[in-house]
Amino acid sequence: MRLLLINPKVPESFWSFRWAVREVLHGRSALNPPLGLATVAALSPRDWDVTIVDENVEPLPLAPAADVIGICGMGVQAERQKQLLRYYRKGGYFTVAGGSYASLCPEEYRGIADAVVAGEAEYAWPRFCADVARGAPESLYRETGDVDLADSPVPRFDLLRLDRYATATVQLSRGCPYRCDFCDIIVMFGRRPRYKSVAQVERELDALRELGVRKVFFVDDNFIGNKAKAKEVLRFLAAYQDRHGRRMRFGTEASLNLADDDELMALFRQAGFEWAFVGLETPDTQVLRDANKTQNCKGDMLAAVRRLYANGIDILAGFIVGFDRDTTASFDVQRRFIADSGIVVAMVGLLTALPKTPLFERVRAEGRLVEDQPHGDNTKLRTNIVPRLMTTHELIEGYKRLYTGLLTDRAIAERVRNKLRHFGEHAQLQRESLREGLGLVWRLLQRGVARGGFTRAWHFARSLPWTRPRLLRQAVNDWVAGLAMRDYVDRHFAAAPTGVTVAAQVARLRLALLRGRAGTRVRLALGRAAGGDDRVSVRIVGPLDGALARRLAHQLQRLLARTPTQLVVAIEAWWQLESRGVQRLLRSLERHGDRVTVAVGEGVRDLLRMEAHDARAPSPV
Ligand code: SF4
């Protein structure tokens with residue numbers, strides 16, 4: 001049996017750190033590999049021929065040699081996952097959907113996939129494989145009980161192209177004891193944290209070490225959901241690092257009560273953890289109580305962050321705006337807290353109701369749920385909740401202002417300084433070579449700092465820890481992250497200046513196309529994208545010479561810079577991708593990321609949804 005497992009393209013978001021991946025982290029294409037697929041591959045029968053393709057780092061095969069195609073996806077990938085399922089199913093393949101979104105909403109895949117494996121895979125996937133092998137698969141395999149993680153195999157890391165990712169991933173535990181009302185993790189994995197044994201962790205790290213991996217992200221829901229277990233594993237990891245030259249660098253996700261336990265923080269450092277992602281959400285304790293996030297109300301949040309810094313643990317944090325008590329004044333409260341805390345990777349999102357969560361049920365009962373609004377990515381300029389104490393427009397504008405304010409050169413520098421002031425010693429680890437380190441700094445200076453002119457260079461220089469050079473690495477990392485987030489905001493938070501509408505920009509475009517009868521080679525249409533944004537379609541129906549490509553590129557750049565439009569470039573035939581005019585056009589649109597969709601040819605027009613950048617290589621998709 002030939003099994004092809006696919007990880008669909010993840011739409012660009014803050015989490016993509018696209019600028020950092022492309023400009024600074026030499027040779028990488030994405031941050032993290034699809035660990036779930038590597039686990040599913042390990043759960044498949046030994047005599048099956050399994051291949052993993054990640055659309056985020058390589059092209060998809062249009063007509064693969066496969067008997068079964070499994071496609072996973074988180075909420076942000078659901079749209080693309082469904083497109084791919086439809087495409088391959090139409091091509092005669094047996095398709096199966098899985099991943100976190102299909103687990104949460106398997107009913108949405110009826111008629112799209114031949115089968116759905118919902119929930120944790122350890123018991124359900126082998127059942128599915130056995131049924132496929134005997135020719136009688138069912139349409140739904142649902143895991144309803146608790147999976148014992150002792151039954152989770154070492155993922156098939158060997159099937160992943162690990163050299164394409166910034167960090168490898170492993171999972172130690174599933175589940176979280178808390179009950180935040182917006183969280184879908186506890187809906188999927190429950191509130192009783194379950195852990196793998198240290199022997200399993202050792203086997204997984206050994207496998208990664210053999211593949212040359214040095215950076216590992218423990219993708220747990222909450223690494224310290226059971227503190228006793230976490231401490232046991234951390235002690236093991238510290239000893240493991242000593243045995244193997246302290247070469248591995250770790251990061252994870254944890255709840256804020258990590259900062260309440262000195263022993264735990266010391267163990268994190270000894271084990272080689274450099275950072276932890278923490279859901280802080282908001283400094284407003286009343287809002288936190290309303291959302292059932294009471295674990296963040298137990299002390300001074302700012303002091304907790306600084307205790308973590310003092311222990312050499314960097315903090316990446318999640319924040320949310322749009323809670324029921326939030327008003328237009330809340331954005332400033334958030335901005336002040338984030339600035340004081342020095343958190344550079346501050347992932348602010350709009351409160352969004354995820355299906356099956358208590359929040360979803362509540363806002364639906366209150367009639368405040370916007371049913372057809374996409375909810376996969378809470379950092380897009382929309383939400384599926386009607387806010388209580390402000391309008392949706394005020395919420396979105398406040399959100400944009402908050403981010404724009406956080407990402408000026410001055411604000412990044414202020415946060416770097418506010419962090420380093422409290423930062424202790426990093427974990428003792430063997431670092432990258434001097435050559436690697438200098439290469440990274442050079443690329444940051446050349447492609448990031450220098451491009452911002454004198455002002456950025458000044459703020460960069462004054463944020464560096466000149467008297468504590470050991471913290472230079474931290475400052476450099478923060479600037480890389482800060483500039484990557486700034487680049488995302490610049491490209492995605494385009495706001496139409498007063499009086500500039502999409503219709504006006506399209507009229508200007510039409511006018512420009514009148515010259516030289518270009519209208520016979522390029523057709524325009526204005527419509528609506530799934531999320532409600534305007535969508536402009538540009539259809540190339542004739543030859544695109546250099547002059548026309550330049551004119552078109554100029555006008556489309558204006559359109560994208562001045563309005564939040566989605567753009568579809570439809571190209572009639574594959575061979576046109578080779579034309580210099582089309583290549584010039586696509587290159588010029590590259591920086592707008594997934595606001596630009598390229599569709600090629602009749603048969604695959606609906607399928608193709610990719611960044612213009614990828615279209616330059618007309619390999620399958
Ligand atoms: S602490 Fe995090 S993982 Fe746990 S319930 Fe809250 S949001 Fe979910």
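Quantities reported herein were computed from a predicted structural model and do not represent experimental measurements. Computed from heavy atoms alone, side chains included, the values below leave out hydrogens, waters and symmetry copies. Counting convention: from 1, in listed order, for ligands and their atoms alike.
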* Could you confirm whether Cys176 has any N/O/S atom lying under 2.8 Å from atom 6 (Fe) of ligand 1? => no
* Asked: Relative to each other, are the rings of Phe14 and Tyr488 parallel, tilted or perpendicular (30° and 60° limits)?
  -> tilted
* **atom 8 (Fe) of ligand 1 [closest protein heavy-atom partner, distance rounded to 0.1 Å]** => Cys183 SG, 2.4 Å
* To do: Measure the distances from the heavy atoms of Glu253 to every atom of ligand 1 and state whether one is below 4.0 angstrom.
  => no
* **Residue from Trp275, Phe277, Phe273, Phe268 passing ring pair (Phe, Tyr, Trp, His ring centres under 6.0 Å) with Phe218** => Phe273
* Asked: Quick one: are Arg209 and Leu205 in side-chain contact, heavy atoms under 4.5 Å?
  -> no
* Sidechain N-carboxylate O distance under 4.0 Å for Lys298, Asp260 -> no
* atom 1 (S) of ligand 1: the protein heavy-atom neighbour that sits closest, reported with distance to 0.1 Å -> Gln295 NE2, 3.4 Å
* Between Arg80 and Gln83, is any side-chain donor less than 3.5 angstrom from a side-chain acceptor? -> yes
* **Heavy atom of the protein closest to atom 6 (Fe) of ligand 1 (residue, atom name, distance)** => Cys180 SG, 2.3 Å
* Quick one: nearest non-hydrogen protein atom to atom 2 (Fe) of ligand 1, plus distance? -> Lys293 NZ, 4.1 Å
